[in-house]
Amino acid sequence: MATIPKVTVEVAFDGGPFSDSPTWSDVSDYVRGFQVRRGRNNELDRIEAGTLSLELDNSDGRFTPGKQKAGVNALAGLAGQVVWDLNGRADNTVMASNNVGQVEADGKPRVMSRTVYTNGKPVSCYFAVKWLDAGGGTIRFLPGTRFMADSSAAVYTHEETPPAGTVSAVLYLYADTYPEGNAGVLAYGEKAEWFRVQPYYPNVLPRRRVRVRTANLAPKDVSMGGDVSRTSAHFSTSHSPGTANTWQSDFKASGTGAVRVTMGNNGTADYASSVRCGFASGGQLFGLARVTPGTVYSARSKVRRYGTGLPTLVMLMRWYDANGATVGTSASSPAVTTTTSFQPITLAGVTAPAGAVWAGLSIGSRGGDGNMGFFVDEIQFEQGPTVSDWNPGGSIFHGYIEKWPVVSEGLTASVNVTAVDGFSVLAETDLRTAFQDQILSTGPLGYWTLGDPEGSTRLENLADDLQPARLAASKYGAGIAELGAESVVRNDPSTSYSLTGTTANQGTVVDICENGARTFPLGDHFTASFWHHPAALPAAGQTATLFRSWSETNNDHMKVQIDSAGKIIASMRFAEGSSSITSTQTASTSTPTFIVVSASAGYTFLWVNGTFQGSSDLGSVMDTRMMDLRGTSLGGAQYGAVSQSYAEGRYAHFAIWDRLLTSDEVYDLWRIADYDGQDFVENEMLRIGRIVGWAKFRGEVALDSGLSLLQGPTWNSGAKALGEIQAAASDAAGYVFMDGDGRLIYHNRNRRQGALSRFELSDTLGLPYEPGLTFEIDGDRIINEVVYKRPDGGEGVLRDKASIEAYGRKSKSLEARLDLDSDIQNAAYSLLNHYSTPPVRCDSMTLKASATPALFLVALGAEIGDRVTLADLPGQAPEDRLDYYVEAIETTVSVRGATLDWITSFSLSPASNSDVWLLDDPTLARLDRAAVLAY
């Protein structure tokens, strides 16, 4: 890399932390400086949330929260509502044309906005300004900001500076296209505004997203530096059948992953299938580079084959006008036949044609390579006759704004933004109990724990709080109905609903349908589940009703009963006819029972305590349509005039779905909740992934394979998602962190077992080791006694007597939720081996990358957990070369006019104490880079 990379800072002013499609606003031109820190101080700490400190120039007040618009609104007379009938109208229809009046060509931007919405269907719209000279002639008239209007009223804004010679202007608002047609479509406009000064950004609120990225490309990045991912680049595939692309982390030239393309086949005469890096669709632009007609551009990427085929690939440049319409394509690059290694494909010295405003790349087959595939990574598109050396670049920070204070100093002002990465969202996300979160992760229509306090009249629905349940007594008497009874689920402390003292027609049931006033629409499937602990079994030859439902026609629906032997009988009535299944497994009065019943297409399926009991078929001659749900009763058969067959006992965790549960889903619920007293163990990768799903984290996740079995998830409701994720990682001697792209990463302990060095730093990179390296033997991090235990057994003490004699007793407690005693013993041995003797430490290293651009390869390419080698060390250093792991990355950038100063600092930990495998003898059987097994 020969030059300093371009830095892009973007803020999403329109959407909270869980928005799936935020709109990013580039504020790079206003950045005075920023500092990003991600990682931990040393390898024994947990990694903390990454932070961003960002200073923005606010001289014109554009970033002041709550700032009122200044100046005079030139369109003040258009504040009321205007209706535009778009029914049957052609594309590119003018909705509004408003004379702005006199405009001064002062070189200052004009900002125009309008509230726009529709009566339902979306409409693609755009602003356009016709700038006029003194004679009324058009100086400039180009499409401006595009937006998609829908039924939600929103303010849309466009900014444009009047060209020289402007005297007046006309503001147009166009209806461009109609993605879902325009039959009956009405659009509405309100509050037209035209200001000479920049209006404030209306949504500078906490939890808005912010990201900092570097670009290897000029003048605009397509790939965002090669950390190719769904969040950092825009890709599409062209031609069918079968063409598709997915991001994959397993194979990459560098960075975190590559795009895998599976190819379609339209024949050898066609450019059969390709991946487009940046593209236009429906009048919208995605990830394209801005170009200038007549200017020369070059591009390059790395490709390798996927699978057994050997596709031959070429690269094209695709040119688009300001509206995203195709202007043309370039000639193909020299063809490259892919191999099992990444190799470059290059297209150099291409001139942008007339009318080109945007450009993207196509990389793909010339045809005849159907069903083959390839990977693409390290995508570059640059201005100039050649492509510069690859800079891994990528994202430095992706997080969420915490504070946005404005600081005023005389006539100057700035905004000092502070932000944190996705760890902060996970740290503030409360988990419920594991069983409750697992139920919610399956997407139920309704879920009532029945753990509400005694006297509650509204029973909370965790899936939809607008649809609570209630206790409904029969008109003949209530029996003894009690909330707040003892829990019936071993691993969930929630209380239960208890029903006793019933008679043939007197009892109280749980009703989720408000006695027929609420209907749950169902598609082709219906599932119900609940826990029940019988107080007594029915008399010989009798049954009692545990759950019953009625259809939209007030006919029978689902029925779940228990007989005198404790067998569960489940039946379902469809539009015509019923099917029924009886369990082989029995419920008893000594233990609770978990019951799940599903119905679909004439079949009734039954699970008891996680075990599938079988299914029954209605038969093909019947109408198997599923009827909607209008009436329910848990605890008996009670609806309308029916009051009978009550089943005494405790009930809890009642849930319904409009889909079938799989046996694996049912089994997981059973294992997490009870599992016949056994512990629900799983490896740390599965545990972390499960918690991430429960926390509804929507970012990308990359988890190493699990190496340890963890004890069951038994935290109480209110535990924090981040704390439990970090606990799962540290219990298995791994660690989690957020990378610069907002991706949640888990590294298992194998990452530091003889890992290869990713970067070697020496004078050959122009690194003078300034302002200096500090080497020390740190006695504060000696550990020679480990007191270990796991919550459900396994405890002890390990000591290194020689270390204690040499350095004094340095004790550390180790508690980990590991399933095996041997695992926690091994973890304790590992700590002794690593820290009983202090290694040579060099806690930090600073790279002045702006002074030595070759260092950007490391400053932008290194990630937390990477191993680096310090080579060509001076004679005063302990050795000529030493290896360390990167524990934290801190980047400080300041901008002074056209000068950018870039300093990246690494917090380091010694690699020498991690190159160890334990055999039978923890003292003598040590293997590292210098000692290997002989045979």
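In this text, all values refer to a predicted model and were calculated from it rather than measured experimentally.
- W607 pairs in a side chain to side chain donor-acceptor pair (under 3.5 Å) with only one of the listed residues (S529, S663, S598), which is S663.
- Residues Y675 and F680 place their aromatic rings such that the two centres sit no closer than 6.0 Å.
- A distance below 6.0 Å separates the ring centres of F435 and H653.
- Using a 4.5 Å heavy-atom cutoff, the side chains of L818 and Q711 are not in contact.
- Listed for the R659 side chain is a donor-acceptor partner under 3.5 Å among the backbone atoms of T442.
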Apply side chain to side chain contact (heavy atoms under 4.5 Å, CB included) to V560 and T545, showing your working.
-> CA-CA 6 Å; V560 184; T545 299; over 6 Å; no

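- Put simply, the side chain of E648 gets close to the backbone of T502: a donor and an acceptor are under 3.5 Å apart.
- Minimum interatomic distance between R687 and L710 (heavy atoms only, all atoms of both residues): NH2-O, 3.8 Å.
- The 12-atom threshold is exceeded at CD of Q678, counting heavy atoms of other residues, nucleotides or ligands nearer than 6.0 Å.
- For the pair W448 (side chain) and F654 (backbone), a donor-acceptor distance under 3.5 Å is absent.
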Evaluate the side-chain hydrogen bond (donor to acceptor under 3.5 Å, both in side chains) criterion for residues R470 and S456: first the C-alpha distance (whole Å), next the side-chain angles of each, then the deciding distance (0.1 Å), finally the verdict.
-> CA-CA 8 Å; R470 65 187 181 97; S456 298; over 6 Å; no

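- Crowding of R518 atom CZ: a count of heavy atoms from other residues, nucleotides or ligands under 6.0 Å exceeding 12.
- When the shell of 6.0 Å around CD of E428 is examined, it contains more than 12 heavy atoms from other residues, nucleotides or ligands.
- What you find for A587 and I562 is that their closest heavy atoms are CB-CD1, 4.0 Å.
- A 6.0 Å sphere centred on NZ of K720 holds more than 12 heavy atoms belonging to other residues, nucleotides or ligands.
- No more than 12 heavy atoms of other residues, nucleotides or ligands lie within 6.0 Å of OH in Y603, so this atom counts as exposed by the packing criterion.
- D821 places no side-chain N or O within 3.5 Å of a backbone atom of E795 that could act as its donor or acceptor partner.
- Considering all non-hydrogen atoms of both residues, D556 and W550 come closest at OD1-NE1, 3.9 Å.
- Of the possible donor and acceptor atoms, one in the side chain of S474 sits under 3.5 Å from a partner among the backbone N and O of G477.
- One N or O on the side chain of D437 and one on the backbone of R432 form a donor-acceptor pair closer than 3.5 Å.
- Side-chain N or O atoms of T582 include none that pairs as donor or acceptor with a backbone N or O of I569 at under 3.5 Å.
- Contact between T433 and P493 at its shortest, heavy atoms only, is CG2-CD, 3.9 Å.
- V489 has its side chain out of reach of D674: every pair of non-hydrogen atoms, C-beta onward, lies at least 4.5 Å apart.
- Aromatic ring centres of F594 and W670 lie farther apart than the 6.0 Å criterion allows.
- N505 places no side-chain N or O within 3.5 Å of a backbone atom of S643 that could act as its donor or acceptor partner.
- Within the 3.5 Å criterion, the main-chain N or O of Q438 finds a donor-acceptor partner in the side chain of S441.
- Nearest heavy-atom pair, A647 versus L499, reported as atom, atom and distance to 0.1 Å: O-CD2, 4.1 Å.
- Checking side-chain atoms of S579 against main-chain N and O of G602 turns up a donor-acceptor pair under 3.5 Å.
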